[in-house]
2 protein chains.
Amino acid sequence: MQPKKPGTRVRGSTTGRPIMVLFDVLGQRWTLRILWELRHGRLNFRDLRAQCDDISPTVLNARLKTLRELALIDHQDGGYAYTSAGAELSNKLAGFDQWAENWAKSLDLS
Amino acid sequence: MQPKKPGTRVRGSTTGRPIMVLFDVLGQRWTLRILWELRHGRLNFRDLRAQCDDISPTVLNARLKTLRELALIDHQDGGYAYTSAGAELSNKLAGFDQWAENWAKSLDLS
DNA sequence: GCAGTATGCTACAAAATATGTAGCGTCAAG
DNA sequence: CTTGACGCTACATATTTTGTAGCATACTGC
């Protein structure tokens, strides 16, 4: 099932609340990773695929299509990159990195 | 495939970097939603399920198991709730809500 | 005791998604 | 006209998710 635009129904939720739409997209395999790998700048299809440990092109293309429809990335010149909205989201994601490091450390102690 | 603990290999990534582990978990369907629905406090299995639009118990149980293994939630007394790590993550998620609202508004304009 | 109820969870078959390999069509340079 | 890069599709296989049914345990009142 393709995620829907905000305002429409979303898998399992009849409200179409933006946060649900977002969870729907990000909850698809590889979406978070793809957004993450674009953090250093524009990448073309093949390089992006390589960065994502050779994700299958079928899935990569499906995700890129969704992310474009949701205006989180665009495709110009030499490849794919964030839109301004996508960049904002990416900034939020960036905060997860440090958190995850600390989280991993605390897991080791248990 | 079950997500692995940090330090071990993760789907598609041989580094086992914590952020990859995190993306791996959060990228599973329903994981973000489940974390989100716990934001108001402890919920038992059935209530949590109801909050998640009657997600199938099979998946809910699988996700809860994973989240417990990763020390993001625990199960005591009357149900499931964040651990301290889970609460931190939830705080970060909370920031997504307002962002998503604005994002949705800007999408309408296009 | 013993029915009634709530809870956490499992079984299982069907449906939806993801994976991996191969390769096509377009374009531009040599 | 060959070569290479690029974005992407086809397709068969494998994995994951879904949805319904219902089990096992632990209470609670009677």
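Computed from a predicted model, the values in this text were never measured in an experiment. We name chains A, B, ... by the order of the sequence lines, and we start the count at 1 in each one.
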Checklist entry - What nucleotide among dG19(D), dA22(C), dT19(C) has an atom nearest to a side-chain atom of Ser56(B)? => result dG19(D)

Checklist entry - Is the shortest distance from a Lys or Arg side-chain nitrogen in Arg17(A) or Asp97(B) to a carboxylate oxygen in the other one below 4.0 Å? => result yes

Next on the checklist: Using whole Å, what does the distance between atom P of nucleotide dA18(C) and atom CG of Asp54(A) come to?
Outcome noted: 18 Å

Checklist entry - Arg63(A) CZ to dT9(D) P: how many Å, rounded? => result 14 Å

Item to check | Matching residue for Leu89(A) among Thr83(A), Leu35(A), Leu67(A) - test: side chain to side chain contact (heavy atoms under 4.5 Å, CB included) | outcome: Leu35(A)

Item to check | Between C1' of dT19(C) and CD of Gln28(A), the distance in whole Å | outcome: 15 Å

Checklist outcome for this item: Taken in chain and number order and not counting sequence neighbours, the residues that satisfy side-chain contact (heavy atoms from CB on, under 4.5 Å) with Asp47(B) are Leu43(B), Asn44(B)

Next on the checklist: Considering only residues two or more places apart or on different chains, which pairs with a residue in residues 68-100 of chain A satisfy ring pair (Phe, Tyr, Trp, His ring centres under 6.0 Å)?
Outcome noted: His75(A)-Tyr80(A), Phe96(A)-Phe96(B), Trp99(A)-Trp103(A)

Item to check | Minimum-distance nucleotide (side-chain atoms of Trp30(B) versus dT17(D), dG7(D), dG20(C)) | outcome: dT17(D)

Checklist entry - Under a 4.0 Å heavy-atom cut-off, which of residues 37-49 of chain A touch DNA chain D? => result Asn44(A), Phe45(A), Arg46(A)

Checklist entry - The side chain of Val59(A) lies closest to which of these nucleotides: dT9(D), dA18(C), dG7(D)? => result dA18(C)

Checklist entry - Expressed in angstrom and rounded to an integer, what is the separation of Arg29(B) atom CZ from dA18(C) atom C1'? => result 10 Å

Checklist entry - Whole-Å distance between dT20(D) P and Asn61(B) CG? => result 18 Å

Checklist entry - Asp74(A) has an atom CG; how far is it from atom P of dG7(D), in whole Å? => result 13 Å

Checklist entry - With sequence neighbours left out, which residue pairs that include part of residues 34-45 of chain A fulfil the salt bridge (charged side-chain N to carboxylate O under 4.0 Å, His left out) condition? => result Arg33(A)-Glu37(A), Glu37(A)-Arg39(A), Arg42(A)-Asp74(A)

Checklist entry - Who passes salt bridge (Lys or Arg N to Asp or Glu O under 4.0 Å) against Glu88(B), sequence neighbours left out? => result none

Checklist entry - Between atom CG in Leu60(B) and atom C1' in dG19(D), what is the gap in whole Å? => result 14 Å

Checklist entry - Between dT21(C), dG7(D), dT17(D), which one does the side chain of Tyr80(A) approach most closely? => result dG7(D)

Item to check | Separation of atom CG in Leu64(A) from atom P in dC8(D), rounded to whole Å | outcome: 7 Å

Checklist entry - Which pairs, with at least one residue in residues 46-69 of chain A and sequence neighbours excluded, count as a ring pair (Phe, Tyr, Trp, His ring centres under 6.0 Å)? => result none

